[in-house]
Every structure is written in C-alpha cells, then in structure tokens.
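Here is the structure we will look at, set down as structure tokens.
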Amino acid sequence: MYDFIYMNNAATSWPKAPGVAEAVAKALSGRPGAANRGGIERFDVFGEVRRKMAALLGLAAHDHIALGGNATWSLNLALFGYPLKEGDAVVTSKSEHNSVLRPLYELERRIKIKAVFLDTDKAGRIPTDKWEEAIKQYKPKLAVFTHASNITGAVNDAQSLSKAAKAEGADVLVDASQTCGWEPICTDAWNIDMLAFTGHKYLLGPQGTGGLYVRPGLTLSPHLIGGTGSHSDLRTMPDDMPSRLEAGTGNEPSFCGLLAALEWAEQNPLDRAKQDDLLAGLRQRLTQAGADVIIPSGACTPTVSFNIPGQSPAEVGYILEESYDILCRTGLHCAPILFECLGRNEGTVRFSMSRFTTMEEIDAVVDAVKDIANAV
C-alpha cells in the first residue's frame, strides 16, 4: 500500500507495468545490444518495439516508425520536417497540446504559414461538421489534431476528421499521446499519414520513449543530423526509414522497458467496460461532492477535469497534495487555448486514472473533494 494516491496518469503513468523496471535494470547492467550502435548485434530491441507498435497501431509498415525520446520529439520531427512553405495553410484545433501549438507558432513566424485553430465544443471535442467546413474553406496542405483532449479526455472521431482532410488533398498528422494504449487506433484504415505517440502514458512504459509513424511515400526533412549506424559513407542522412529520422544512439534501456510493457499488455488486455464504469462513477460522485465537472459524452480517456466554486485550481491541488496525499494536475495542462472553448480561464483540476486505479482510491479522492467543497 502506497502512502499517496496518484491521479496524474495523463502526464505520466504510475505505477508502470510489471516487469518494466526489471527490464530497464537488466539492459543497464548487461552488455550493450543496440544493433549497429553498441557493437553487439545480439538483439534489436528497437526493431521488436517497432513490430509490436505496428500491430497496436494498425500498420503494415513497421519499419516506417521512427523511435525517439517522446511525443514532443515526434511532433517536432513531423511539423518541422514536413515540406511546408510560405502561404501554406495548416488546419488544427484549440484542443492541441503546446507540442503542436508552439511549433506551429514558430512556423508562422519562420516561414509565414497560415495556422487555423478551430474551436471545439464545450467538452473539448472537435465538431466534425465545423472541421469539414474549415478544411473546405482553407484547403490546408496539412491537417493536425489530437486523438483525445488531455484536459477533458474527449476522444475525437479520428476516422471522420482524417477522411474530411484527405478529401481536400491534405496530409494528416495525429497526436495519439493520450490514446495510445487506451483507445483502438487504426492508422492505415483511417488513412493517416503521420502519427505521434509516447511510451510513458497509457502504454505504461518508461519516460524517454516515443515514436513517429510516417507513411511510405512521404519524405520528411530530418530534424537531427548525425550517425545512423549504417550508410556511413553518405554525406547526408539516408533516404530509407527509419534511419532517415533516427540520428544518434537510441535510449536502449528505456525501450527495453517499453518492450516489457507492450508484452505485459498483450497478456493482460484492458478491461474497458470496467474502466468506463469507474470513470462514470468518478464523474458522478465528484459532481455530488460539489465539484463543477466537465463531462463529455461518447468515448473518453480516464481523465476528469473539474473546478470547485470559490477555489482556484492551484489552491485545490495544493490542499489535495498537502492534506490528503493526492497527486494530480492543475492549471492549463499545456493546452492553454482550449480554455477559450471551455470557459474556464483559470484552468482546471485534473484527475487522470490508470488501469491500476482502485475503488478505494476513488473513494478517498471523492471524500477529499467533498471536504474542500464544503469548507468554502
């Protein structure tokens, strides 16, 4: 039994999947084994991770997944490597994380693209009809959207959003940071051109792991230039994937941990019905406790954002941690412009569960919120 309750899994998961820590420790204490990098080609953990991620993401081309440090690395790789030029339009939404927003702001400044930030509904979901209108109006070269809001948990209809963008000739980039390992993802079937993911959230792997899928036929300019362990005679980065986008030595120990997490998940499928019941119960009970809860309809990740009338999110978070040993997230959650659509300028308190969250923990956090609400 832990001496705290962890409700911040949308930031990073804890605890990790069984076997992850052991796999990392084994990689650190054993011989280096990264193919072509450590000098010993006994086992290519990166290749194994690519194959398992391809199966998880509904991909035929596992060798078109570049592996790196996190989803921010992946999104920067996609946005700065994609062949945009002055005057090109990029349609996205106000639900995006700063790892999409800030690169787009920089591209607006650097090469004068036109970035269009579409309003969401009151629950943080991108309205399909408004998205279709914007795509037809702006004729973007690239369309970018998050698969799910990291604030409200609302899952977007990725298939419909991608279909609308492709109908007007746009390429599609999806940020699956909040859904990979939780929601079904069918990248090939949904006709998605690029998809970014991270390993340390609902995949239950270590920090320092992530990746970017790039469809065959789409060539990105490398974001990093350096050694690839092959084609060393070339003065430029190789054309073949994933070497083109993977300069430098990879984080072998952490990817050994991610591989362990993926193998554990294969043997322990997520019980979605159970998790959805826990989520619905948490929302309802927080509302009854006096919180103003954002409750999206439809598919959601296990994330709940709320406010307590009369208390700032920062105050509530401080009390939860200092008085109740409950760790959560407060504020703008690195997705600041979504709050224009949610109408909550101070941000929110965010509880985000994992498959390891217990009913006893939910009881405790609801009781704590009730205490705080009653004290106002």
Requested in this report: May I ask you to decide if T209's main-chain N or O and S254's side chain share a donor-acceptor pair within less than 3.5 Å?
Outcome: no
Query raised in the report: Where do V174 and S162 land on the side chain to side chain contact (heavy atoms under 4.5 Å, CB included) test, with the steps shown first?
Result: CA-CA 9 Å; V174 174; S162 179; 5.9 Å; no
Requested in this report: Could you state whether L161 and L142 fall into the same hydrophobic cluster, counting links through intermediate Ile, Leu, Val, Met, Phe, Trp or Tyr residues with side-chain heavy atoms under 4.5 angstrom apart?
Outcome: no
Query raised in the report: Are W264 and L259 grouped together when hydrophobic residues (ILVMFWY) are joined by side-chain heavy atoms under 4.5 angstrom apart?
Result: no
Query raised in the report: Counting heavy atoms not belonging to Y318, are there more than 12 under 6.0 Å from its OH?
Result: no
Report summary line: Interatomic distance, CG@L282 vs CE@M359, rounded to 0.5 Å, equals 9.0 Å
**Report entry** CG-CE distance between N9 and M353, expressed to the nearest 0.5 angstrom
**Finding:** 9.5 Å
Query raised in the report: Is there a donor-acceptor pair closer than 3.5 Å between any side-chain N or O of R283 and the backbone N or O of V293?
Result: no
Query - Which atom of F117 lies closest to which atom of S93, heavy atoms considered - result: CD2-O, 4.2 Å
Query raised in the report: Counting only heavy atoms not in K166, do more than 12 sit closer than 6.0 Å to its NZ atom?
Result: yes
**Report entry** Close side-chain approach of H147 to C180, heavy-atom, < 4.5 Å
**Finding:** no
Report task. Verify, without hydrogens or angle tests, whether N307 (side chain) and G347 (backbone) share a donor-acceptor contact under 3.5 angstrom. Result -> yes
Query raised in the report: Would L79 and V144 count as a side chain to side chain contact (heavy atoms under 4.5 Å, CB included) if you check the C-alpha gap in whole Å, the side-chain angles of each, and the deciding distance to 0.1 Å?
Result: CA-CA 9 Å; L79 290 167; V144 186; 4.1 Å; yes
**Report entry** Under 3.5 Å donor-acceptor, N8 side chain and L327 backbone
**Finding:** no
Query raised in the report: In the single-linkage hydrophobic clustering (I, L, V, M, F, W, Y; side-chain heavy atoms under 4.5 Å), do L67 and W73 co-cluster?
Result: no
Query raised in the report: Cluster question for you: counting only ILVMFWY and a side-chain heavy-atom cut-off of under 4.5 Å, with indirect links fine, are L101 and L342 together?
Result: no
Query raised in the report: How far apart are the C-alpha atoms of Q284 and T287, what are their side-chain angles, what is the distance that settles it, and do they pass the side-chain hydrogen bond (donor to acceptor under 3.5 Å, both in side chains) test?
Result: CA-CA 5 Å; Q284 181 181 27; T287 301; over 6 Å; no
Requested in this report: Keeping to residues at least two apart or across chains, list the side-chain hydrogen bond (donor to acceptor under 3.5 Å, both in side chains) pairs with something in residues 130-142.
Outcome: K139-E168
**Report entry** Side-chain (D121) to main-chain (R125) donor-acceptor, under 3.5 angstrom
**Finding:** yes
Report task. Indicate yes or no: at least one non-hydrogen side-chain atom of S354 is less than 4.5 angstrom from one of T357. Result -> yes
Query raised in the report: So do F80 and L107 actually touch side chain to side chain, heavy atoms under 4.5 Å?
Result: yes
**Report entry** Working for side chain to side chain contact (heavy atoms under 4.5 Å, CB included), residues T219 and D239
**Finding:** CA-CA 8 Å; T219 301; D239 290 331; 5.8 Å; no
Report summary line: Looking only at heavy atoms, the pair that brings C328 and L320 closest together is SG-CD1, 3.8 Å
Query raised in the report: Given the side-chain rings of F306 and F351, with only the six-membered ring counted for Trp, is the space between their centroids under 6.0 Å?
Result: yes
Query raised in the report: Does H333 reach the main-chain N or O of G331 with its side chain, forming a donor-acceptor pair under 3.5 Å?
Result: yes
Report task. Could you check K16 against E22 for salt bridge (charged side-chain N to carboxylate O under 4.0 Å, His left out), going step by step and ending with a plain yes or no? Result -> CA-CA 11 Å; K16 301 301 182 183; E22 293 82 359; over 6 Å; no
Query raised in the report: Tell me the salt bridge (charged side-chain N to carboxylate O under 4.0 Å, His left out) pairs involving residues 206-221, sequence neighbours left out?
Result: D171-R215, D193-R215
**Report entry** H64 side chain vs Y213 backbone, donor-acceptor pair below 3.5 Å
**Finding:** no
Requested in this report: Evaluate the side-chain proximity of V172 to W190: yes if any heavy-atom separation is below 4.5 Å, no if none is.
Outcome: no
**Report entry** Heavy-atom pair with the smallest gap, counting every atom of D88 and P83
**Finding:** OD2-O, 4.1 Å
Query raised in the report: Should we say atom CZ of R285 is surrounded by more than 12 heavy atoms from elsewhere, each under 6.0 Å from it?
Result: yes
Query raised in the report: According to a 4.5 Å side-chain heavy-atom criterion applied to Ile, Leu, Val, Met, Phe, Trp and Tyr, with indirect links allowed, do L203 and L212 form part of one hydrophobic cluster?
Result: no
Requested in this report: For I326 and A368, work out which heavy atoms get closest and say how close.
Outcome: CD1-CB, 3.7 Å
Query - Step-by-step side chain to side chain contact (heavy atoms under 4.5 Å, CB included) determination, T303 to R350 - result: CA-CA 7 Å; T303 299; R350 185 185 72 187; 3.7 Å; yes
Query raised in the report: Can you tell if the side chain of D175 reaches within under 4.5 Å of the side chain of L75, non-hydrogen atoms only?
Result: yes
Report task. Spell out, as yes or no, whether a donor-acceptor pair under 3.5 Å connects the side chain of N150 to the backbone of H97. Result -> no
Query raised in the report: Distance from L258 atom CG to E263 atom CD, nearest 0.5 Å?
Result: 10.0 Å
Query raised in the report: Quick one: does P140's side chain get under 4.5 Å of V116's, heavy atoms only?
Result: no
Report summary line: Output for pair (E183 CD, T301 OG1), nearest 0.5 Å, gives 7.5 Å
**Report entry** Separation of M241 CE from L220 CG (nearest 0.5 Å)
**Finding:** 7.0 Å
Query raised in the report: About how many Å separate OH of Y82 and CE of M194, when rounded to the nearest 0.5 Å?
Result: 6.5 Å
Requested in this report: Side-chain contact test, heavy atoms from C-beta onward, threshold under 4.5 Å: evaluate it for Y324 versus V365 and give yes or no.
Outcome: no
Query - Beyond-backbone contact of V214 with L245, side-chain heavy atoms, under 4.5 angstrom - result: yes
Report summary line: Here the pair of heavy atoms bringing S95 nearest to G124 is CB-O, 3.9 Å
Report summary line: Looking only at heavy atoms, the pair that brings V24 and P253 closest together is CG2-O, 3.4 Å
Report task. Sorted by first residue and then second, give each salt bridge (charged side-chain N to carboxylate O under 4.0 Å, His left out) pair with at least one member in residues 316-333; sequence neighbours left out. Result -> none
Query - N70 backbone acceptor or donor facing S74 side chain under 3.5 Å - result: yes
Query raised in the report: Do any N or O atoms from the side chain of K94 and from the backbone of D119 form a donor-acceptor pair under 3.5 angstrom?
Result: no
